[in-house]
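Scroll down for the structure; my scribbles are underneath it.
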Amino acid sequence: MRTFYGETLHTPFMLGTAQYPSPAVLAEAFKRSGASVATVSLRRESSSDKAGQDFWQLIKALDVKVLPNTAGCHTVKEAVTTAHMAREVFGTPWIKLEVIGEDDTLQPDVFKLVEAARILCEDGFQVFPYTTEDLVVADKLVNLGCEVLMPWGAPIGSGMGLNNVFGLRAMRAHFPDIPLVIDAGLGLPSQATQAMELGMDAILLNTAVAKAGDPAMMAEAFALAIKAGQLAAASEPMEPRDMAEPSTPLLGKAFLD
C-alpha cells in the first residue's frame, strides 16, 4: 500500500460524503465500505449553522482520515481561499484541489489548477490535485510539490467509468513512484476493479454510492471490487495473447489410430 504524504491508509478506498438520503445511511455506507478517507466540502460545514456542526460531528464519528476539497471553485483565488478556510476548520494540511473550468463536464481548468497548486504547496498544504490524464500537466504538478495525483476517470457523477484507459496506463508508467487515485466518473464496482488492475493506488468516488438504491450495499460492493483489483494487480496477471493456448497439456495424451 502506498503512503499519501507519509500516511499509510488501511484501505485504498476514499469515499465522498455528499448526496446521501440521510446521515444514518451515510454512516452505514462508510461502515460497510471500510473506507479509510472521507472527502468533505467546506460548504457542508459552518461555524454558525447547527446543521453544519451536526454534519462535522457525524464525520468525526466515522473515525477516518478527512480530505477537505475545494469543490465548486472556478478561480485560483476562490480555490486558495477555500483551502485556507478548510485547513482552519478541519485541522489538516490535506486538500483535494478542484478548479473547475467547464460547467457541462466539470473538467478541471489545468492552467488554474497548476497555479493554485503552486500557491498551496508553497504555503505548506499537502495537495491532492483533481486533474486530467495529461502527462505534461501532471509533471508540472509533481515538480511543484504535489506528491499525489488524482486523474479523473470520466466527468464527475457521470458513471461512465474509465474513458481513457491508454492515458491512465501511460500516467502509471510515467509516474511509477507517485500515488495515483482515480477520482470521478465511476459508476460500477467493475470499473473500480479495472482501475486497480491498471495499477492505480486508490479510488475516490461519491455519486455511485450515494445515489444507489441501497448506498450501504453499493459501498460494500465497491470495497470488494477494489480489493479484487488490488489483488489482481499484485498477482502479476497473464498478458493477452493473439492465439489460443490449451490449458490442458498434450504431454501424456493417448493417441489412437
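These values consider heavy atoms only, across backbone and side chains, with no hydrogens, waters or symmetry-generated copies.
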Value rounded to 0.5 Å, distance of [atom1] in [X] from [atom2] in [Y]:
{"X": "R2", "Y": "E147", "atom1": "CZ", "atom2": "CD", "result": "12.5 Å"}
{"X": "K60", "Y": "L58", "atom1": "NZ", "atom2": "CG", "result": "11.0 Å"}
{"X": "L113", "Y": "E98", "atom1": "CG", "atom2": "CD", "result": "10.0 Å"}
{"X": "L198", "Y": "R172", "atom1": "CG", "atom2": "CZ", "result": "10.0 Å"}
{"X": "M150", "Y": "N69", "atom1": "CE", "atom2": "CG", "result": "9.0 Å"}
{"X": "K96", "Y": "M14", "atom1": "NZ", "atom2": "CE", "result": "10.0 Å"}

Residue pair Q19, T207: steps toward the side-chain contact (heavy atoms from CB on, under 4.5 Å) verdict | CA-CA 7 Å; Q19 305 184 74; T207 308; 3.3 Å; yes
Is the shortest side-chain N to carboxylate O distance from R118 to E115 below 4.0 Å?
-> yes
Of the non-hydrogen atoms in [X] and [Y], which two are nearest, and what is the gap between them?
{"X": "A29", "Y": "A219", "value": "O-CB, 3.4 Å"}
{"X": "A116", "Y": "V99", "value": "CB-CG2, 4.3 Å"}
{"X": "Q191", "Y": "G159", "value": "NE2-O, 3.6 Å"}
{"X": "A210", "Y": "A18", "value": "CB-O, 3.3 Å"}
{"X": "V64", "Y": "F30", "value": "CG2-CE2, 4.5 Å"}
{"X": "M171", "Y": "L180", "value": "CG-CD1, 3.9 Å"}

Would you call the rings of W56 and F90 parallel, tilted or perpendicular, where under 30° means parallel and over 60° means perpendicular?
->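 Perpendicular: the ring planes of W56 and F90 meet at over 60°.
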Would you mind reporting whether [Y] and [X] have side-chain heavy atoms less than 4.5 Å apart?
{"X": "E197", "Y": "P237", "value": "no"}
{"X": "F55", "Y": "V40", "value": "yes"}
{"X": "F125", "Y": "L97", "value": "no"}
{"X": "K227", "Y": "F13", "value": "no"}
{"X": "P151", "Y": "I182", "value": "yes"}
{"X": "E133", "Y": "W152", "value": "yes"}
{"X": "L141", "Y": "V114", "value": "yes"}
{"X": "P155", "Y": "M160", "value": "yes"}

For [Y], is there any backbone N or O sitting under 3.5 Å from a side-chain donor or acceptor partner on [X]?
{"X": "D201", "Y": "V181", "value": "no"}
{"X": "D183", "Y": "Y130", "value": "no"}
{"X": "S235", "Y": "A232", "value": "yes"}
{"X": "D139", "Y": "L135", "value": "no"}
{"X": "H10", "Y": "G34", "value": "yes"}

With the 4.5 Å side-chain cut-off for hydrophobic clustering, are [X] and [Y] part of the same group?
{"X": "I100", "Y": "M85", "result": "no"}
{"X": "L231", "Y": "M196", "result": "no"}
{"X": "V165", "Y": "M200", "result": "yes"}
{"X": "L106", "Y": "V137", "result": "no"}
{"X": "L120", "Y": "V110", "result": "yes"}

Candidates L67, L15, V37 - the one meeting side chain to side chain contact (heavy atoms under 4.5 Å, CB included) with L204 = L67
Got more than 12 heavy atoms from elsewhere within 6.0 Å of NZ, K140?
-> no
Is E88 atom CD crowded by more than 12 heavy atoms from other residues, nucleotides or ligands, each under 6.0 Å away?
->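 For E88, atom CD is not crowded (no more than 12 foreign heavy atoms under 6.0 Å).
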Contacts of type ring pair (Phe, Tyr, Trp, His ring centres under 6.0 Å), residue F128, not counting sequence neighbours | Y5, W94
Taking it one step at a time, do L168 and L162 satisfy side-chain contact (heavy atoms from CB on, under 4.5 Å)?
-> CA-CA 8 Å; L168 294 172; L162 305 181; 3.9 Å; yes
Would you check, one step at a time, whether the test side-chain contact (heavy atoms from CB on, under 4.5 Å) holds for L26 with L62?
-> CA-CA 10 Å; L26 185 157; L62 297 175; 4.0 Å; yes
